[in-house]
Amino acid sequence: MLPTAIKALNVLPKRSIMTSSVSLAGKLSSLKNPSLIKSQSFINNEWVKSASGKSFKVYDPSTGEQIGPDVEECGSPEEVEKAINVAKEAFKTYRNTTPKSRQDMLTKLYKLMLDNTDDLATIITAENGKPLADAKGEHMYSASFVEWFAAEAMRTYGDVIPSTIPGLRNMVIKQPVGPVAIITPWNFPSAMITRKIAPALAAGCTCVIKVPAETPFSGLALAELVKQAGFPAGVVNVITSEDSKTVGEVLCASKDIKKVSFTGSTNVGKILAKQSASTLKKLSLELGGNAPFIVFDDADVDAAVQGAIACKFRSSGQTCVCANRLLVQSSVFDEFTQKLVAAVKSFKVGDGAEQGITHGPLIHNRALEKVEHHVNDAVERGAKVLIGGKRIQGNFFEPTVLGDVPEGAACLQEETFGPLAAVVRFTSEDEVIEMANDTDVGLAGYFYSRDIGRIWRVAEALEVGMVGCNTGVISQATIPFGGVKESGYGREGSKYGMADYEIIKVICMGGLGTS
Ligand SMILES: NC(=O)c1ccc[n+]([C@@H]2O[C@H](COP(=O)([O-])OP(=O)(O)OC[C@H]3O[C@@H](n4cnc5c(N)ncnc54)[C@H](O)[C@@H]3O)[C@@H](O)[C@H]2O)c1
Ligand SMILES: O=CCCC(=O)O
């Protein structure tokens with residue numbers, strides 16, 4: 001039984017406030033600036049009504065109550081085409097703006113985000129469920145992409161390349177790829193959007209963003225700030241729709257969209273890649289992982305436990321870089337699992353808006369079913385429940401640690417995306433490298449060791465795009481974020497992140513004589 005306080009469930013502030021047209025109840029009633037709450041698509045710098053008159057509701061995953069107004073359904077092929085045309089028209093002029101002016105607008109957006117920190121974090125907690133402190137963390141992470149790419153706008157350097165032909169000079173320039181489609185998931189309602197739009201806008205691209213139906217309000221609030229930051233009409237467009245399939249098909253098939261950037265599951269990533277084949281669109285796919293988290297016998301076990309808690313249970317396990325398999329060397333297995341269980345016991349699970357809550361709910365019932373299936377499957381195969389293992393109520397699941405999870409368990413084959421730490425025993429370095437790489441995906445991998453030789457061997461041997469060595473936290477705007485194998489391709493953030501939104505053009509100038 002989990003000694004955790006779940007007292008905060010079903011507690012909603014009773015106050016409600018009015019914006020110009022809607023009443024905001026629940027967590028959103030505490031917003032200082034309620035005009036950040038929008039419920040329509042954002043096209044050409046205007047809030048646009050649904051053509052069909054249909055709408056959908058957004059629910060607080062902690063309480064199950066509707067939050068915000070009904071959101072207008074704007075995902076018909078005609079509405080998506082309209083957004084694409086607007087982005088195409090805006091690209092004709094936005095591509096020729098100076099990098100300095102793009103830097104200035106991004107810097108203004110960054111400041112506006114900081115000015116609205118409390119409200120933007122409240123919106124994240126209300127629609128995603130993560131605790132307020134984590135929501136503030138996501139918000140700052142989100143803003144840091146805007147800050148980083150504001151500076152990168154001024155660093156789109158070219159090259160001069162020696163010529164093999166007399167009288168010729170070769171120059172390389174970088175240009176914006178064109179209007180881009182951006183499809184983002186619910187687990188980071190804000191940061192997954194800025195990680196894509198900030199480099200796109202810095203490079204000179206215009207965008208059509210499909211915000212997730214589970215968490216549309218963060219993206220819509222960002223669109224309002226984009227407008228206030230002075231970006232010209234049509235540069236950023238946002239579609240609200242529950243019909244991801246139709247919106248995805250239209251965006252991928254369009255000849256006017258030159259690139260698609262997606263974060264989400266590997267399954268959907270493959271669908272988008274197929275759909276984009278007819279136009280050979282450039283793609284950035286940041287997909288699922290199955291991160292190994294290895295603890296060697298020479299590790300600082302206490303630090304490894306801290307790292308595992310931060311890595312595995314961040315956002316209740318709903319992060320693409322969360323540890324999915326905890327692989328622990330036999331001689332430190334008991335010490336590590338006992339300390340891990342003790343740390344998990346101190347979690348306070350509940351409504352993320354309540355003081356002291358450390359871990360929130362899962363996003364929806366489908367997510368709970370997956371965790372439940374992974375727990376039951378592992379236990380049937382012989383794993384031991386060390387703590388947790390059951391649903392609590394609503395969308396809440398007990399933070400769970402399973403010991404001695406056997407080979408073949410479903411939770412070792414695919415990411416759980418929930419609060420389940422599956423701990424596996426290993427004996428040698430060679431064995432654990434083979435175990436760690438025995439998966440079709442390769443996003444992040446982590447390990448704890450104090451042997452410098454081993455550190456280099458293991459870091460180089462892991463088949464992943466990102467390695468955390470003696471840390472469970474790697475996410476920063478300054479690093480190239482992305483995976484290998486079926487975790488996708490492309491890199492987001494860092495000095496490499498602009499390249500995904502640029503094309504390279506060489507200009508060979510002849511008749512220039514010899515130097
Ligand atoms: N890499 C990540 O950050 C991430 C994020 C969310 C989910 N996931 C993985 O996916 C699993 C299932 O979660 P999910 O169902 O929300 O993920 P998903 O990939 O089905 O959905 C993620 C987002 O993709 C969009 N989408 C879904 N189907 C689409 C389609 N056919 N065309 C275009 N866009 C589409 C939606 O906006 C949705 O919010 C999770 O258990 C987890 O393994 C990974
Ligand atoms: O879940 C996807 C992204 C998480 C992160 O950037 O740390």
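Keep in mind that this is a model prediction, so the values were computed, not measured. Read the numbers this way: they start at 1 and go in the same order the structure lists the ligands and their atoms.
- Residues P131 and T358 have side chains not in contact (no heavy-atom distance under 4.5 Å, counting atoms from C-beta outward).
- The N/O atoms of T263, backbone and side chain alike, include none that comes under 3.5 Å of an N/O atom in ligand 1.
- The protein non-hydrogen atom at the shortest distance from atom 32 (N) of ligand 1 is S244 O, 3.4 Å.
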Contact table, ligand 2 N/O with protein N/O, distance under 3.5 Å:
unit_1	atom_1	unit_2	atom_2	d
ligand 2	1 (O)	N187	ND2	3.0
ligand 2	1 (O)	C320	N	2.9
ligand 2	6 (O)	Y141	OH	2.7
ligand 2	6 (O)	R195	NH1	2.8
ligand 2	7 (O)	R314	NH1	3.0
ligand 2	7 (O)	R314	NH2	3.0
ligand 2	7 (O)	S475	OG	2.4

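- Within the 4.0 angstrom cut-off, atom 12 (C) of ligand 1 has no protein heavy-atom neighbours.
- At a distance under 4.0 Å, no protein heavy atom can be found next to atom 21 (O) of ligand 1.
- A donor-acceptor contact closer than 3.5 angstrom links the side chains of S284 and K259.
- Below 3.5 Å of separation, one finds no N or O of H364 facing any N or O of ligand 1.
- At least one heavy atom of F262 sits closer than 4.0 Å to an atom of ligand 1.
- Ring centroids of F417 and W186 are separated by less than 6.0 Å, placing the two rings close together.
- For ligand 1, the atoms sitting less than 4.0 Å from at least one non-hydrogen atom of T184 are 37 (O), 39 (O), numbered in the order shown with element in parentheses.
- Remark: ligand 1 and I183 share no N or O pair separated by less than 3.5 Å (distance only, no angle test).
- Considering backbone and side-chain N/O of K245, none are found under 3.5 Å from N/O of ligand 1.
- Residue R366 has at least one N or O atom closer than 3.5 Å to an N or O atom of ligand 1.
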